[in-house]
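Values below: all heavy atoms of this structure, side chains included; hydrogens, waters and symmetry mates excluded. Both ligands and their constituent atoms are indexed starting at 1 by order of listing.
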Amino acid sequence: MSTIQSSISKRNLLMMRNRSGSQGTNEVNLALIGELGSGKSALTVKYITRRFINEYDPELEDTYSKPEHVDNQEILVRIMDTCDKEGKDPERYLKWADGYLVIYSITQRSSFETAQRYLDGISQHLRLTTTYDAPLILIGNKVDLERYRTVSKAEGSSLAHFYNAAFFETSAAEEFNSVERVFHEAIREVIREQERYMPIRSLYIANDESKSGNSFLTHIDRSRRLRSPGVIHHNKNGQSSSSSSAGKDGGSNSRPEAAGNNSRFSFLKGKGFKGIFQ
Ligand SMILES: Nc1nc2c(ncn2[C@@H]2O[C@H](COP(=O)(O)OP(=O)(O)OP(=O)(O)O)[C@@H](O)[C@H]2O)c(=O)[nH]1
C-alpha cells in the first residue's frame, strides 16, 4: 500500500471507532480552532451550558460532550476547545475531529487572517490524509460588537466560499438559539459527509481486502476542498481575489505533492502556519 493509502486506512479505523457509541448513538467530534481571544471557549461554554462567561483560562484546552437530538437523531457531540501554542502538535485535533469550526472575531482583523491560515492548513491536511471530506465551518463571532466590526460579512462569506466551508456569524454573548443553530448546522454537515463517505469506505475496504492492486482510491475526487491553493486578497469593500501559489499546473486540482511537497505535514512548517502550528 502507498503512503497515502496506509494513512487513509489508519484514519478509517479512527473514524470507525468514532462513528457509533456503545448504544448505537451517532458520535460527532467537533474541534473549535482559532486565534486566542476569538471566542472559542465562550462559544463552547454557551453551547454546553447556555451561559456566557466572561473570563476563561486561556491555557485551558478541554473536550466536552453533550447528548443532542438533531433531525430526529440521537447524537453524542464532543467538542474540543483547542488552544494552540508552541510545541503542541495540531495532530491531536486534526486526527480527532469529524468537523472543524474555525472561529474569528469580527472585531479583530488578525483573527480573520489567522482563520484563513487555519482553513488553508486543515484543507491541505485533509487532502493529503483522508478521503473523508471533514466539513469546515467558518464562524465570525462577537456580532454583538457590531460597532467595532473590522471584518465585513461579505469578506467572511467569500473566505468560506473559497474553502468550500459553511459560514455563520454569531455571538457567544447573545441568545443561546443563534449559537445552538451554528452547532446544529455543523453537526448536520458532519452527518451528511459521514453518510456520503460510508459507501466510499466500504468500497475501499472491499478493494483493500481483495488485494487486486487496482486501487479504487485513485478514482476518488480528492480535489473538492481547495478551489485553488493560494492567498486571498481582500479589498476594503470586502471583495476578494486569489493568487495561486501552487505548482506548475496552478489549477484547482493541483495538489501540494505536485508542487514538490511530499511530506504529509510539511504544511505545518510552511508559511501558512507560521505562528500557529509550530
Ligand atoms: N462581547 C463579546 N465578547 C465575547 C464573545 N465571545 C467571547 N467574548 C469575550 O472575548 C474574550 C475571549 O474569549 P474566549 O472565549 O476566552 O476566547 P478563546 O478563543 O477561547 O481564547 P483562548 O482561550 O485564549 O484561546 C473573553 O473576554 C470573552 O468573554 C462574544 O460573542 N461577544
Side-chain angles (χ1 to χ4, degrees), residues 29-66 77-97 99-122 125 135-157 159-160 163 165-186 268 272-278:
N29 292 350
L30 301 175
L32 268 72
I33 299 154
E35 189 166 278
L36 295 185
S38 55
K40 300 179 294 294
S41 305
L43 285 168
T44 304
V45 171
K46 183 78 172 203
Y47 173 61
I48 301 285
T49 70
R50 296 177 170 244
R51 292 171 58 199
F52 176 63
I53 301 170
N54 234 322
E55 290 303 325
Y56 305 93
D57 179 354
E59 302 283 297
L60 199 68
E61 175 168 288
D62 224 330
T63 304
Y64 305 82
S65 49
K66 175 171 173 162
V77 187
R78 293 204 197 84
I79 311 227
M80 189 188 291
D81 172 19
T82 67
C83 174
D84 269 323
K85 55 183 181 184
E86 212 167 316
K88 269 191 153 179
D89 189 347
E91 276 203 51
R92 71 193 184 283
Y93 57 77
L94 288 173
K95 283 188 170 172
W96 175 87
Y100 304 91
L101 281 66
V102 178
I103 319 291
Y104 67 91
S105 163
I106 64 148
T107 65
Q108 199 159 13
R109 184 113 215 133
S110 69
S111 69
F112 184 63
E113 286 153 11
T114 302
Q116 181 183 338
R117 294 201 292 276
Y118 273 118
L119 288 170
D120 212 40
I122 296 165
H125 167 80
L136 293 175
I137 296 103
L138 179 66
I139 299 174
N141 187 35
K142 308 197 185 182
V143 284
D144 57 300
L145 302 177
E146 182 63 39
R147 62 193 179 284
Y148 302 117
R149 184 190 276 272
T150 58
V151 183
S152 74
K153 192 168 184 178
E155 283 177 289
S157 169
L159 181 63
Y163 287 98
F167 174 64
F168 299 94
E169 284 193 343
T170 192
S171 163
E174 287 189 338
E175 83 270 25
F176 169 72
N177 288 354
S178 76
V179 172
E180 184 186 49
R181 191 173 71 87
V182 171
F183 278 89
H184 279 192
E185 279 306 318
L268 302 181
F273 274 72
K274 234 178 195 168
I276 305 176
F277 287 178
Q278 289 177 331

- Number the atoms of ligand 1 from 1 as they appear, then name those within less than 4.0 Å of a heavy atom of Leu145, with their elements. 1 (N)
- Query: Between Asp144 and ligand 1, which part of the residue brings a heavy atom under 4.0 Å of the ligand: side chain, backbone, both or neither?
  - Reply: side chain
- Message: Taking 4.0 Å as the limit for heavy-atom contacts, which would you say applies to Ala172 with ligand 1: side chain only, backbone only, both, or neither?
- Response: both
- Query: Salt bridge or not for Arg117 and Glu35, using N-O below 4.0 Å?
  - Reply: no
- Note on the structure: Ser38 heavy atoms within 4.0 Å reach ligand 1 at atoms 17 (O), 19 (O)
- Message: Give me the atom names and distance for the closest heavy-atom approach of Met80 to Tyr93.
- Response: SD-CB, 3.6 Å
- Nearest atoms (heavy-atom pairs only) where Ser105 meets Ser111: N-OG, 2.9 Å
- Query: Once the angle between the rings of Phe167 and Tyr104 is folded into 0 to 90°, is it parallel (under 30°), tilted (30 to 60°) or perpendicular (over 60°)?
  - Reply: parallel
- Message: Ser41 versus ligand 1: do any nitrogen or oxygen atoms come within less than 3.5 Å of each other?
- Response: yes
- Note on the structure: All heavy atoms of Tyr47 vs all of Lys66, minimum pair found to be O-NZ, 2.6 Å
- Query: Quick one: which ligand 1 atoms are inside 4.0 Å of a heavy atom on Phe52?
  - Reply: 3 (N), 4 (C), 5 (C), 29 (O)
- Here the gap from Tyr118 atom OH to Asp120 atom CG, rounded to the nearest 0.5 Å, amounts to 13.0 Å
- How close do Glu175 and Lys46 get, heavy atom to heavy atom, and via which atoms? C-CE, 4.1 Å
- Query: Counting each atom of ligand 1 from 1 as listed, which ones have a heavy atom of Ala42 under 4.0 Å away?
  - Reply: 6 (N), 7 (C), 15 (O)
- Message: Using a 4.0 Å heavy-atom cut-off, which part of Leu43 comes near ligand 1: side chain, backbone, both, or neither?
- Response: neither
- Item | Heavy atom of Gly37, distance to ligand 1 below 4.0 Å | yes
- Query: Of the listed options (Glu174, Lys40, Glu35), which comes nearest to atom 25 (O) of ligand 1 when hydrogens are ignored and any heavy atom counts?
  - Reply: Lys40
